[in-house]
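The block underneath contains the structure these notes are about, expressed in structure tokens.
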Amino acid sequence: MSDSHPISDELRTILRGFPEETVRDCAEFKGTGDRAAFDRALLGLLHHHLSPKPPRPLSTYPGTTPLVAELGLDSITMVELVFIFEDLFQVKLPQEELVKVVTIDDLRALLQRALPGTPA
Amino acid sequence: MKNTTVDARRVVISGLGFISSIGNDAAEVTRSLRELRHGLAPHEFMPGQYLPVKVAGTIKGFDTRSTHHAEWRWPERYSFARDVLRSLPPHGLHAFCAVEQLIADARLTPELLADGETGLFTASAGSPFLQRHYLNQLHASEGARMHPMGVVSTIPGTLNFNLAPHYRIRGAVCGFVSACASTAHAIGYAADEIRRGRQQRILVVGAEDLSCESTYSFQSMRALSRNPDPDTASRPFDRDRDGFVGTGGAAALLLEDAASAQARGAPIYGELLGWGQASDGYNMAIAEPEGRGLAEAMRRALLDAGITPADVGYLNAHGTSTPNGDLSELRAIKAVFSPAGAGPAISSTKALTGHALSMASALETGFCALALREGFTPGQAHLANPDPACEGLHLPRHTLPTAPEIILKNSSGFGGSNVSLVLRRWSAANRDT
């Protein structure tokens, strides 16, 4: 994790209310394309939208963890999360692919396909 | 003769919550009412050099100017998670704060809220402020984008949608839409539900945004005061009144079966003795000049309560400070009380708060509840030159240090909907009059 990557006003506006750590991770990924930063940003964004919060850090959950059945993400919250991804990374996530997302890995893969140059 | 079909149970007010221009809790509101301290202040509804309306009943301690909840600010005593805030309009935040006060005041437990014997009746105009923002997003994206909470956070009913699931309320849940009579209807029908034994208790919650979209839009009807002086802009029944002053916030009341409230040791502010309603059948926005509809609503309320005009010690008027509306109400009051030789103290507390639209009745019924329990009668603030139609009526200029035994509370809304509520000072010994 690094504090050295500039955080634009636009990024701050998109991530209003998010933890500062997630904002920094997003800025780092946008600045470097770093895989680890991408993962931290993804899990930070996901964690912010979960209610109730999972009992342990999301990084300890396997990628096969179901978003709805285990983490309690509902369909409306999924749309909120998608809007944040789209605004943050200036991409369009196709609806037909979104409905196939079941696990953390599915979400990760969808974003990686949408983000040119993201390390797989 | 008292209506005996629905009076098997006594209905009391056993909890209150306020976020208002004159105070953000019952103690502060009581002080303001006793001292006739208003909550009006200079207010800019939107940038503009020529805006003729410059005053509002502002809500202190909150900042909800942003369309994004992450930028809202509220008093530290309240704590709300993102998943609560994300579907709220600004007045929804106020409503949650008022309900938190009510729950503590009424000693309601999560189990009672969820027992199916607790209902929720609400009213608000929704949030045109937030709706405008989301609809602009929709159009700008050519239909691709609208916030997933864009509907439930903005349409009338948003208070039901948000409050009922959060508090796990499983009883009767309903919204009321009769403009500025909405929460009076909610209170009346809540009382009926309890009197009929269908519910033990019902939370009545009214709230409104104070915004350009909700409030300043009344300027197009020339209903708002153009007086720039907060000390005199809202002056119901004064000869020089020129319109109402807008306000927002939230008010919450718990109506409850008396036996249930007593068993829990809840504070009992007063008894809801009866209510009545009648319509003008006259105009979509203007009160019928002679006040016939409102007079009939008052008569029906007195009949339902089993009392006479002479029994009423205080009348909390609708009195918005509009030239036509106030005159109509004065004539209605005279039609009901003068033939009986009755002379209750009369005041409109909108002189202090401004007009809270659909939440006004809940707010002002809350004031009446405080007056009954705390022992005072709110005076008529800002009355310098009474309208000639006040002749023969008793409008005390200062708050009286004694509580009335019985209060009549008037409300009127667009389309000529009129509602009157009758409240009585609580005494366990009182039975049917």
Side chain from CB out, backbone as N, CA, C, O: work out which of these in B:His147 comes under 4.5 Å of a heavy atom of chain A, or both, or neither.
-> both
Residues A:Arg24, A:His5; criterion side-chain contact (heavy atoms from CB on, under 4.5 Å); working and verdict | CA-CA 7 Å; A:Arg24 284 201 305 268; A:His5 299 280; over 6 Å; no
Counting only heavy atoms closer than 4.5 Å, note whether A:Asp87 contacts chain B via side chain, backbone, both or neither.
-> both
B:Phe45/B:His43 aromatic ring centres below 6.0 Å = yes
Among B:His68, B:Glu71, B:Arg145, who wins on heavy-atom pairs under 4.5 Å with chain A?
-> B:Arg145
Contacting region of A:Ser75 [heavy-atom separation from chain B under 4.5 Å] | neither
Would A:Arg40 count as a cation-pi partner of A:Phe29, with NZ or CZ less than 6.0 Å from the six-membered ring centre and within 45° of the ring normal?
-> no
Between A:Arg108 and A:Leu42, does a side-chain contact (heavy atoms from CB on, under 4.5 Å) hold up when you go through it step by step?
-> CA-CA 8 Å; A:Arg108 182 183 285 118; A:Leu42 171 64; 3.7 Å; yes
